[in-house]
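What follows is a set of notes on a single structure, which appears directly below.
Residue numbering restarts at 1 for every chain, and letters A, B, ... go by the order of the sequence lines.
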2 protein chains.
Amino acid sequence: MDQLLSPKQVAEAIGTSESSLKRWCDLGLLKTVKTAGGHRRISVHEALRFVREQNHAVVEPHLLSMPATTDRRARRIEGSAERLTEALLADNQQACHAIVFDLFLAGESISRIFDEVVAPAFRSIGEKWECHEAEVYQERCSCQIMLRLLHDLRSKQVPPNPNLVALGATIEGDQYDLPVTMAEIVLRSVDCDARLLGTSIPFDSLVKAVQAHSPELVWLSVSFIADEAGFMEGFQRLSTAASKTRTAIVVGGRALTSEIRTRLSYSAFCDTMRHLEEFGKTLRRQPDSTPKKARNTRKNA
Amino acid sequence: MDQLLSPKQVAEAIGTSESSLKRWCDLGLLKTVKTAGGHRRISVHEALRFVREQNHAVVEPHLLSMPATTDRRARRIEGSAERLTEALLADNQQACHAIVFDLFLAGESISRIFDEVVAPAFRSIGEKWECHEAEVYQERCSCQIMLRLLHDLRSKQVPPNPNLVALGATIEGDQYDLPVTMAEIVLRSVDCDARLLGTSIPFDSLVKAVQAHSPELVWLSVSFIADEAGFMEGFQRLSTAASKTRTAIVVGGRALTSEIRTRLSYSAFCDTMRHLEEFGKTLRRQPDSTPKKARNTRKNA
DNA sequence: GCAGGTATGGACGATTTGATCGATTTAAGT
DNA sequence: ACTTAAATCGATCAAATCGTCCATACCTGC
């Protein structure tokens, strides 16, 4: 609790400028400790006392409640996954928000944040769940928090180029919406107008969506396959329709084993969000000469 | 998001003079926080609350981080459901946002917007789907648009009182997340700290969540029952756990036929969001003397 | 039409805020 | 211990805000 904060940190937490906060320190409204070099340091205790005394607003409570995460370490990928796991299981939405947005604002690519922070965090929660260290409702609640976070992230992105349309979905019976939503955001980060149709969409309806929109790309996140034969058959119908509209098909998801993949026909298989991002970039660069359909051209082993 | 605005910024946003706005602040119509130097600061949430309460115009919505508004004639419940249906099927997210947020800014209660605009729109889409006038992917896409809209709406609400905790969920096998999300927003609109755990949560895990959080309220949205016997049994376990923590149980959803309801034990059944809102209000007014468990006390026929 | 009460919004000097600057200090990485 | 990028310092200054006053516009009852 006697963690020391810089004037800038306190200023951000209470929603004012660094200049004003420094002036208030010099006026004696906030007691400060000085470093050997003359920099001001304010204890969390003192910052909270000031907030109470002045009835001042607190815009970013997590900065005062979790000062350990406000230093520069917070802006690094390393360790973020573990901190996110903890924040998710603690139902601490603000902390989750802070972790991801700090990385985003620090310039980390969306795909890297997803691959190296979000995905590991949910893998970790899944493992804890299997070991009975976490409850089902905690996992579901974590998904809710993350979904809200993803939505906020999406709303902060620059509006994409409307000339490059992509449609995304999960297949019928697959309700896992986080991966497919992350894929949407990754594609939008490379200036692709990605539109998530939703989860659990039958292949026949996907075919109609492709025919109606003629997108440059369709991405499918396959976390669960209820009926393998039906999946193969439906995918073939989608593939046929996509070739007519010169639409690339990108697939991903843990349900696509290599055995299944060898029997599918798609433009790219993406293990990670980074692969998807790179595929999206190639699509953007050469929208006409893009390989529209190639048998089993996996981008990565 | 809950950033602070100066009186001048708010005045510009709602199209009035700085002088008047300062006077209204001093009259207590707008809650303000003060800087150490005595300058007024107004949160976006408070500004929106004022606009809704006073039915004030908003000439610069972007200053309050709101979507652009249409003309004032659009601020009516009548006809909004039809316009929303059309906008949803046309995949026009901006139009959907405009319709709902215009009503929100005009001071319509959240529950009324949901009951008389959103719900009818989705009923209408469901009917079109049954008549083969709309595709499955259109319905799913509409749900995505609405889910994003609901998230945005939620972020515009004033942060609720943390002393009145409510947990919400759908039961295992029920993946329909719109009603349960709307319920969360309705409860938050009556100053209840409603937290949506997620969809498809087994009763045993719900029991653990209740034991961990001891909420004043649990709401269940039941759109689909896979196993009726299992549902009855699980609900009984939840009911027992809830009585121990003095937690009220509110249920709703089209899967709860009157035949099923007669065999359940809950605090309230809500046909509409308005019923839920009213129940939330009673809970807030008398948090101690609230009837925690009564057999089949339907709030409405 | 007119008197009286009320709400609005512009103007004023005094005060506060927040952005900027080059110089200095901190702290992460090696 | 050393290097180096980032953060902070102190100081300055334009812009914003404060509280107050007041002219004007609007409403209401007569």
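Put simply, B/T16 has a side-chain N or O that comes within less than 4.0 Å of OP1 or OP2 on C/dG9. An OP1 or OP2 oxygen of C/dT16 is reached within less than 4.0 angstrom by no side-chain nitrogen or oxygen of A/W24. One finds no side-chain N or O of B/R41 lying less than 4.0 angstrom from the OP1 or OP2 phosphate oxygen of D/dC18.
Rounded to an integer number of Å, the gap from B/Q9 CD to C/dT17 P is 15 Å. Between the CD atom of A/Q54 and the P atom of C/dT17 there is a distance of 10 Å, rounded to whole Å. The CD-C1' distance, from B/E18 to D/dA15, rounds to 12 Å in whole Å. Taking atom CD on B/E12 and atom C1' on D/dA15, their separation rounds to 14 Å, with Å as the unit. Look at CG on A/L27: it is 14 Å from P on C/dT15, rounded to the nearest Å. Note: CG (A/L5) to P (C/dA27) measures 13 Å, nearest angstrom. Taking atom CG of residue A/D26 and atom C1' of nucleotide D/dA11, one finds them 11 Å apart after rounding to whole Å. What separates CG of B/L4 from P of D/dT17 is a distance of 13 Å, to the nearest Å.
A parallel orientation is assigned to the rings of A/H97 and A/F101, their planes being inclined by less than 30° (bins at 30° and 60°). Ring-plane geometry between B/F50 and B/H56 is classed as tilted, the angle between the planes lying from 30 to 60 degrees on a 0 to 90 degree scale.
Residue contacts for B/K8: at a heavy-atom cut-off of 4.0 Å it reaches the sugar-phosphate backbone alone, with no base atom in range. A/R23 comes within 4.0 angstrom of a base, heavy atoms only.
Panel note: side chain A/H45, backbone A/Q3; no donor-acceptor pair is recorded below 3.5 Å. The main-chain N or O of B/L196 is found under 3.5 Å from a side-chain atom of B/E184 such that the two form a donor-acceptor pair. The backbone N or O of B/A11 lies less than 3.5 Å from no partner atom in the side chain of B/E18, so there is not a single donor-acceptor pair.
Side-chain proximity of A/K22 to C/dA27, D/dG10, D/dC18: nearest is D/dG10. Of the candidates C/dG18, C/dT17, C/dG9, the closest approach to any side-chain atom of B/S19 belongs to C/dG9. In the set D/dC18, D/dG10, D/dT17, the nucleotide with an atom closest to the side chain of B/S6 is D/dT17. In the set C/dG18, C/dT8, C/dT26, C/dT8 carries the atom at the smallest distance from any side-chain atom of B/S20.
Below the 3.5 angstrom threshold, one finds no donor paired with an acceptor across the side chain of B/S17 and the base of C/dG10.
Residue-environment remark: NZ (B/K31) stays at or below the threshold of 12 foreign heavy atoms within 6.0 Å.
Using a cutoff of 4.0 Å between basic side-chain nitrogens and carboxylate oxygens, A/R195 and A/D193 are scored as salt-bridged.
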Salt bridge (charged side-chain N to carboxylate O under 4.0 Å, His left out) between B/R40 and B/D26, intermediate numbers included: CA-CA 10 Å; B/R40 302 175 187 84; B/D26 294 343; 3.2 Å; yes

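Against DNA chain C, the stretch residues 31-39 of chain A makes heavy-atom approaches under 4.0 Å through A/T35, A/A36, A/G37, A/H39.
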